[in-house]
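This report concerns only the one structure given below.
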Amino acid sequence: MTFAELKAIYETPFFDLISRGRASYLAHWKENEVQLCTLLSIKTGGCSEDCGYCAQSARYNSGVQRENLMTPEAIEEVAQRARANGSTRFCMGAAWKGVKSGDPRFESVLESVRRVSQLGMEVCVTLGQLGENEAHELKKAGVTAYNHNIDTSPEHYPNIVTTHTFQDRLNTIGHVQKAGMSVCCGGIIGLGESEDDRLKMLEVLTNFDPAPESVPINCLMPMPGTPLEDQPPVDIFQLVRLIATTRIVLPKAKVRLSAGRTKLSREAQAMCFFAGANSIFYGEKLLTAANPEKDADHQLLAALDLKPQMPFQGEHGPCSEEQECGSKMACLT
Ligand code: SAM
Ligand code: DTB
Ligand code: SF4
C-alpha cells in the first residue's frame, strides 16, 4: 500500500475508523479471542547497539544488570509454566546485535528452541541480526516466528539507532522469510516521531511479501538512563487510530498490543481491542520493563468478554496446512 492510501484510512473520522477496524477483525478472526504470549529475556543487558529506547544497551546507565544466557533447562522450565498459565506463544529475547552459526551461544539457543517447540506452543525468538544459515537453523529447530521490529519509519530510524541501519533490519527479515519462518515485525510509538512516520512504518510493513504474521505495536516505556527517558506519553487516540489502520490493512496479522500497557487504563485497552488488537504479552515482566499483573489481565479480559486463545495440542505436533487463524500449529478447536 502507499503512504497516501494509508493516510486516507488513518484520517477517517475516529468512530468510523474503529468500526472499520472491528469489521475487519470480525471478518478474519474468531470472535473475541486474544492470544496470550509469554516473553522471556534469555540473555539480558550488555548489548553493543545504541537503540535510544533500550535499557539493555551497554552504552546507557539504565541500571539493567548484564546477565549470561540462560540454559536450555532453565528456559524449558519457564516455558512449561507459561503453557500451564494459558500462553500459546513463547517468545525468547536476547540482547544481542545478532547471532552466528557455530557460536556455542547460538547452539544453546537452538537447543532451547528444540525443547520449547516440543511443548506445543508457538515458538518466537528475537535475537537480532541473522544471515541465511542462522535463519535456516532456527527454522529447523522449530521456530514458528522471528521477531525483528523495524521500529519506526526509514527516515526517523537513524535518529534512534546509529550502530545498524534500517536496511540491516530489512535484510534480516528477508532471511527469515526465505527460511520459511513467519515474520513478527512492528514498531514503537513515542520515539519523537510524527504520525506520518508511523504510517511510513506501516507502509513498509504492508509491502512485505509475505505479509507479517504478527505486528507488535509497542508504546515507548521510557527507561531511565536512555536518551529517550523523558519522552512524553503517546496520545491514546493516536494509538487506537494506528491499531485500527493496521487491522484494516493487514487483516490477517496478529496485532499485538505490546509494551506500554502499564500506562494504559482498562478503558484505553478496551478501545485498542475493539479497534483490532488481538494479542498481548502476558506476565508481570516484558524483557526488563513492567507489564500488568496477571490477575489484572484476567479481570480485564473477563470484563470485556474476551477469551484467551485456546491452547494448542502439542502432542499432535505442527499442522501441515496453514489454518485460517494464521497459525501452523494444531489447535483444540
Ligand atoms: N536485540 C534484538 C533486537 O533488537 O531485535 C531483540 C530484543 S529488542 C529489546 C526487541 C524489541 O523490543 C525492539 O525492537 C523494540 O521494538 C522493543 N523495545 C525495546 N525497548 C523498548 C522500550 N523501552 N519501550 C518499548 N519497546 C521497546
Ligand atoms: C516486541 O515488539 N515487544 C517485546 C517483544 N517484541 C520482544 C519487547 C518489549 C520490550 C519492552 C522493554 C523492556 O522490557 O525492556
Ligand atoms: Fe540491543 Fe535489541 Fe536493545 Fe537494540 S533493541 S540495544 S539491538 S537489545
Side-chain angles (χ1 to χ4, degrees), residues 37-60 62-67 69 89-99 109 123-130 145-152 156-157 160-166 168-173 176 183-193 198 201 205 212-231 233-234 239 246 253-264 277 279-292:
C37 311
T38 294
L39 196 52
L40 176 67
S41 182
I42 60 170
K43 175 3 190 128
T44 304
C47 184
S48 64
E49 303 306 278
D50 69 353
C51 311
Y53 48 77
C54 188
Q56 302 201 68
S57 166
R59 296 162 194 248
Y60 313 131
S62 65
V64 167
Q65 296 303 314
R66 183 193 186 124
E67 288 168 26
L69 175 63
R89 183 157 169 136
F90 191 70
C91 178
M92 296 170 261
W96 285 324
K97 180 186 179 87
V99 289
V109 173
V123 185
C124 175
V125 287
T126 179
L127 313 169
Q129 293 176 29
L130 297 180
Y146 196 80
N147 168 241
H148 202 62
N149 292 339
I150 53 172
D151 281 330
T152 190
H156 193 53
Y157 199 77
I160 303 298
V161 184
T162 67
T163 45
H164 56 260
T165 64
F166 194 84
D168 290 330
R169 302 296 282 182
L170 296 180
N171 292 346
T172 291
I173 290 161
V176 170
V183 168
C184 170
C185 183
I188 313 181
I189 67 173
L191 304 174
E193 76 286 348
R198 296 170 193 165
M201 172 178 92
L205 295 177
E213 170 258 352
S214 129
V215 178
I217 299 184
N218 297 278
C219 296
L220 176 72
M221 293 288 281
M223 304 305 275
T226 63
L228 296 171
E229 65 178 334
D230 293 325
Q231 281 296 311
V234 298
L239 170 64
T246 307
K254 296 229 182 66
V255 178
R256 215 179 298 285
L257 179 58
S258 299
R261 287 196 302 117
T262 46
K263 304 275 161 66
L264 299 180
S279 170
I280 54 173
F281 286 114
Y282 169 71
E284 281 83 32
K285 210 162 147 202
L286 293 162
L287 293 171
T288 68
N291 203 37

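Read the numbers this way: they start at 1 and go in the same order the structure lists the ligands and their atoms. As the structure is a computational prediction, the values presented were derived from the model and not from experiment.
Any N or O atom pair closer than 3.5 Å counts here, and Met221 shares at least one such pair with ligand 1. By the 3.5 Å distance cut-off applied to N or O atoms, Gln56 is not counted among the residues near ligand 1. In terms of N/O distances under 3.5 Å, ligand 2 is approached by Thr288. Remark: ligand 1 and Ala95 share no N or O pair separated by less than 3.5 Å (distance only, no angle test).
Shown in contact with Pro216 at under 4.0 Å from a heavy atom are these atoms of ligand 2, numbered in order with element: 2 (O). The distance from ligand 2 to the heavy atoms of Ala289 drops below 4.0 Å at these ligand atoms: 12 (C), 13 (C), 14 (O), 15 (O). Residue Asn149 has at least one heavy-atom neighbour below 4.0 Å for each of these atoms of ligand 2: 1 (C), 2 (O). Against a heavy-atom cut-off of under 4.0 Å, Tyr53 is close to the following atoms of ligand 3: 5 (S). The distance from ligand 2 to the heavy atoms of Asn218 drops below 4.0 Å at these ligand atoms: 1 (C), 2 (O), 3 (N), 9 (C).
Atom 3 (Fe) of ligand 3 has an N, O or S atom of Cys54 under 2.8 Å away, backbone or side chain.
Closest protein heavy atom to atom 4 (Fe) of ligand 3: Cys51 SG, 2.3 Å. Looking only at heavy atoms of the protein, atom 1 (Fe) of ligand 3 is closest to Cys47 SG, 2.3 Å. Of the protein's non-hydrogen atoms, Phe281 CZ, 3.7 Å is the one closest to atom 5 (C) of ligand 2. For atom 6 (N) of ligand 2, the nearest non-hydrogen atom of the protein is Asn147 OD1, 3.2 Å. The single protein non-hydrogen atom nearest to atom 8 (S) of ligand 3 is Ala95 CA, 3.6 Å, given as residue, atom name and distance.
Of the candidates Leu286, Leu287, Leu220, the one placing a heavy atom closest to atom 8 (C) of ligand 2 is Leu287.
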